[in-house]
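This report concerns only the one structure given below.
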Amino acid sequence: MDTESTHSGYSYHSSRSGRSNRHGDRSRERHKASSSKDSSRSERSVVINPPDTPSQDSPIHNGEPLPGEPTPAADHEDEAQDDNWGETTTAVTGTSELSVSQEEVVGLGKGIQDRTVGFRRYLPLAVGSCVGLLVLATPLVFLLLPAVMWPDRLQACGAACEGLFLSISFKLLILLVAIWALFLRPGRANLPRVCVYRAFLITLTLLLTMSYWLFYGVRILDAQDEDYHGIVQFAVSLVDSQLFVHYLAVVLLELRQLQPCYSMCVIRSTDGETRHYNIGQLSIQRAALSILEYYYRDFPLHNPALLSASKQRAAKHLAGLKVYNVDAPENTAGAQPGNGNQSRAMVTAAAKRKDNAHNELYYEEADYERRVRKRRARLVVAVEEAFTHVRRMKKEDERANPSDIMDVREAALAIFPSMARALQKYLRTTRRQHCHSMESIQKHLAFCLVNNMSPKAFLEAYLAPGPTLQYGPERWMADQWTLVSEASVTSGIKDGTEFLLRCLDFNLAVTIKGIPYIRLTEEYIDPKSHKFVLLLQSETSV
């Protein structure tokens with residue numbers, strides 16, 4: 001092809017496959033083409049002409065029209081074109097030398113996201129370290145600068161001054177440990193917003209330190225004060241102020257949230273699993289973090305395979321329904337009287353099946369429970385026989401040579417095949433086979449053998465679903481959470497607050513209710529009111 005053209009608006013310079021195959025559509029296209037010359041500047045279009053190609057005003061090349069121009073022959077071919085033109089059209093595309101695969105793009109985005117997450121994770125720790133270093137270094141600098149800049153003019157430091165040295169040393173040591181315990185802890189999560197109280201405390205600490213630096217520079221450095229005892233007292237007062245700020249941090253960050261004020265209701269969207277927790281005064285993002293910590297500890301592992309039964313039942317019900325289009329042209333012309341009766345009969349049968357859906361559900365659940373009990377009984381018997389064999393072999397190993405004694409790992413591998421089939425069938429029946437790998441089962445079996453546990457202790461991890469943290473991170477299926485809230489996430493929670501925690505497969509809906517004010521009264525009971533007299537008759541009936 002000598003020329004190539006690309007248009008984004010209505011134009012005749014498009015490919016043949018882009019034109020309509022109907023005469024009415026072509027007439028509208030020609031009508032729009034007559035007005036496209038005036039609005040060609042407003043449309044987004046790019047025309048690429050070779051060097052020997054004339055301009056767009058005379059689109060003729062070597063006496064032949066361009067491939068996109070309408071001709072009588074082309075119009076005749078368009079009329080004879082079939083209705084399946086969209087399926088038989090071939091598009092010719094080109095490749096770029098600087099092409100990038102989709103995997104490389106996904107890997108690049110993931111690398112950038114990992115670096116961003118790592119930066120946001122360690123940023124608060126870096127800021128806390130810098131502020132703590134500034135707080136600890138400032139009093140020491142206050143004491144060292146006069147001794148370095150004008151040592152000859154300083155007055156002698158007496159016993160009281162030396163006692164202040166001992167006081168400031170221990171205070172700085174206590175402050176160092178307190179800062180390490182409160183601010184230099186590794187972050188538990190990456191929150192969407194900055195903690196308001198933590199930002200307030202850092203701002204207050206920086207403001208306090210800069211105020212002392214300004215006073216120190218104006219009244220001591222510029223004047224070169226000779227009273228070294230007063231300089232030491234000034235440094236001690238700074239350390240005392242920093243200790244009080246740290247006490248305020250403990251109250252705001254740790255003690256304020258200890259008293260329960262609200263009750264949270266957490267509901268998992270897929271299976272309706274519900275838990276209730278009591279929390280104190282927290283922001284929405286801190287409350288969401290607490291909920292996620294409770295979730296991994298208390299909620300059973302989310303298993304999407306258990307939800308497929310209801311979907312299969314609904315699909316089976318819909319598969320039994322047949323829908324007819326009675327208004328279709330082919331039905332109106334050749335419909336027979338018996339077809340309508342047959343359709344009504346099928347609809348009636350489908351309605352009866354719908355009425356019997358509860359019976360199908362009842363028998364399906366009963367059959368499932370029966371199969372689970374059967375698989376469980378076989379698993380319990382197989383595990384008890386395997387552990388009995390281990391105990392018997394253990395007694396024989398006590399009389400055997402030390403070189404013939406098996407390792408615990410080898411013993412676990414030896415008895416695992418005897419229970420593997422029963423365990424696999426049970427996990428498949430309960431749809432939890434993806435939660436346990438063969439390596440994790442063997443590791444758990446070796447742990448139970450080392451600690452001399454019973455078969456029931458070994459089976460407890462498989463008979464009932466455990467909390468989410470019991471399984472590996474690859475089984476959690478919730479790598480990243482999204483907090484959805486109408487209110488600001490830095491605002492405090494209150495009665496009626498609702499927000500959503502969203503992950504890849506399910507959501508956690510959270511509703512907060514305030515704990516009511518409890519009025520407790522006292523009722524005094526006189527101890528003498530419990531005394532009574534028992535009258536016995538001397539005569540008895542015979």
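What's counted below: heavy atoms across the whole structure, side chains too, no hydrogens, waters or symmetry copies.
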Q | Euclidean distance, E369 CD relative to R373 CZ, rounded to 0.5 Å | A | 6.0 Å
Q: Measure the CG-CH2 distance between L175 and W180 for me, rounded to the nearest 0.5 Å.
A: 14.5 Å
Q.
Give me the atom names and distance for the closest heavy-atom approach of L184 to G128.
A. CD2-C, 3.9 Å
Q) Does R421 have any salt bridge (charged side-chain N to carboxylate O under 4.0 Å, His left out) partners at least two apart in sequence or in another chain, and if so, which? A) none
Q) Do you know which two heavy atoms are closest between L182 and A249, and how far apart they sit? A) CD2-CB, 3.7 Å
Q) Looking at residues at least two apart in the chain, or sitting in another chain, which of them share a side-chain contact (heavy atoms from CB on, under 4.5 Å) with L255? A) V250, V251, L258
Q | Counterpart residues, salt bridge (charged side-chain N to carboxylate O under 4.0 Å, His left out), relative to R185 (two or more places apart) | A | E254
**Q.** Atom pair CE (M264) and CZ (F499), whose distance is rounded to the nearest 0.5 Å
**A.** 6.5 Å
Q) Do the ring centers of F142 and Y216 come within less than 6.0 Å of each other? A) yes
Q. Does Q285 have any side-chain contact (heavy atoms from CB on, under 4.5 Å) partners at least two apart in sequence or in another chain, and if so, which?
A. L191, P192, R193, S283, L483, V489, T490
Q: Determine yes or no for a side-chain-to-main-chain donor-acceptor pair under 3.5 angstrom, with R268 supplying the side chain and N507 the backbone.
A: no
N/O donor to acceptor pairs below 3.5 angstrom from side-chain atoms of residues 444-460, sequence neighbours left out:
from, atom 1, to, atom 2, distance (Å)
H444, NE2, F458, O, 3.4
N451, ND2, F447, O, 2.7
S454, OG, A457, N, 3.4

Q.
Show me the pairs that pass salt bridge (Lys or Arg N to Asp or Glu O under 4.0 Å) and involve residues 194-221, at least two apart or across chains.
A. none
Q. Is the backbone of Y277 close enough, under 3.5 Å, to the side chain of Y294 for a donor and an acceptor to pair up by distance?
A. no
Q.
Quick one about S488 and S491 (side-chain donor to acceptor, distance below 3.5 Å, no hydrogens or angles considered), yes or no?
A. no
Q: Please report the C-alpha distance between H434 and N303 in whole Å, then the side-chain angles of each, then the deciding distance to 0.1 Å, and finally whether the side chain to side chain contact (heavy atoms under 4.5 Å, CB included) criterion is met.
A: CA-CA 9 Å; H434 66 280; N303 191 359; 2.8 Å; yes
Q | Verdict with reasoning, L145 to I220, per side chain to side chain contact (heavy atoms under 4.5 Å, CB included) | A | CA-CA 10 Å; L145 283 181; I220 297 178; over 6 Å; no
Q. What pairs with L207 under side-chain contact (heavy atoms from CB on, under 4.5 Å), at least two apart in sequence or on another chain?
A. S211
Q: Measure the spacing between CG of D495 and OH of Y262 and express it to the nearest 0.5 Å.
A: 7.5 Å
Q: State which residues pass side-chain contact (heavy atoms from CB on, under 4.5 Å) with I267; sequence neighbours excluded, sorted by chain then number.
A: C265, T274
Q | Over all atoms of both residues, closest heavy-atom pair of C435 and L301 | A | SG-CD2, 3.3 Å
Q.
Suppose we screen for disulfide bond (SG atoms under 2.5 Å apart). Which residues come up paired with C157, at least two apart in sequence or across chains?
A. C161
Q: Look up atom CG in L173 and atom CG in L136, then write down how far apart they are to the nearest 0.5 Å.
A: 10.0 Å
Q: State whether the side chain of Y212 and the backbone N or O of F234 hold a donor-acceptor pair below 3.5 Å, judged by distance alone.
A: no
Q.
Please determine whether side chain to side chain contact (heavy atoms under 4.5 Å, CB included) holds for the pair Y368 and T430, giving the CA-CA distance in whole Å, both sets of side-chain angles, and the decisive distance to 0.1 Å.
A. CA-CA 9 Å; Y368 173 74; T430 56; 4.3 Å; yes
Q. Please, which pairs that meet salt bridge (Lys or Arg N to Asp or Glu O under 4.0 Å) have at least one residue in residues 135-153, sequence neighbours excluded?
A. R153-E226
Q: Using salt bridge (charged side-chain N to carboxylate O under 4.0 Å, His left out) as the criterion, list what pairs up with R409, not counting sequence neighbours.
A: none
Q. Got a second to check how far T205's OG1 is from L201's CG, nearest 0.5 Å?
A. 6.5 Å
(Q) Please give me the minimum heavy-atom distance between N278 and P260, naming the atom from each residue. (A) CB-CB, 4.0 Å
Q: Check the side chains of H302 and D271 for a donor-acceptor pair under 3.5 angstrom, ignoring hydrogens and angles.
A: no
Q) Do R275 and F299 meet the cation-pi criteria used here (NZ or CZ under 6.0 Å from the six-membered ring centre, within 45° of the axis)? A) yes
Q) In terms of ring plane angle, is the pair Y228 and F165 parallel, tilted or perpendicular, where the classes change at 30° and 60°? A) tilted
Q.
Quick check: closest heavy atoms across R375 and K425, and the distance to 0.1 Å?
A. NH1-CD, 3.3 Å
Q. Minimum heavy-atom separation for R256 to L252, with atom names?
A. CB-O, 3.8 Å
**Q.** salt bridge (Lys or Arg N to Asp or Glu O under 4.0 Å) contacts in which one or both residues fall within residues 227-241, not counting sequence neighbours
**A.** K171-D240
Q.
Using only atom types and a distance under 3.5 Å, with no angle test, would you say the side chain of S440 pairs donor to acceptor with the backbone of S437?
A. yes
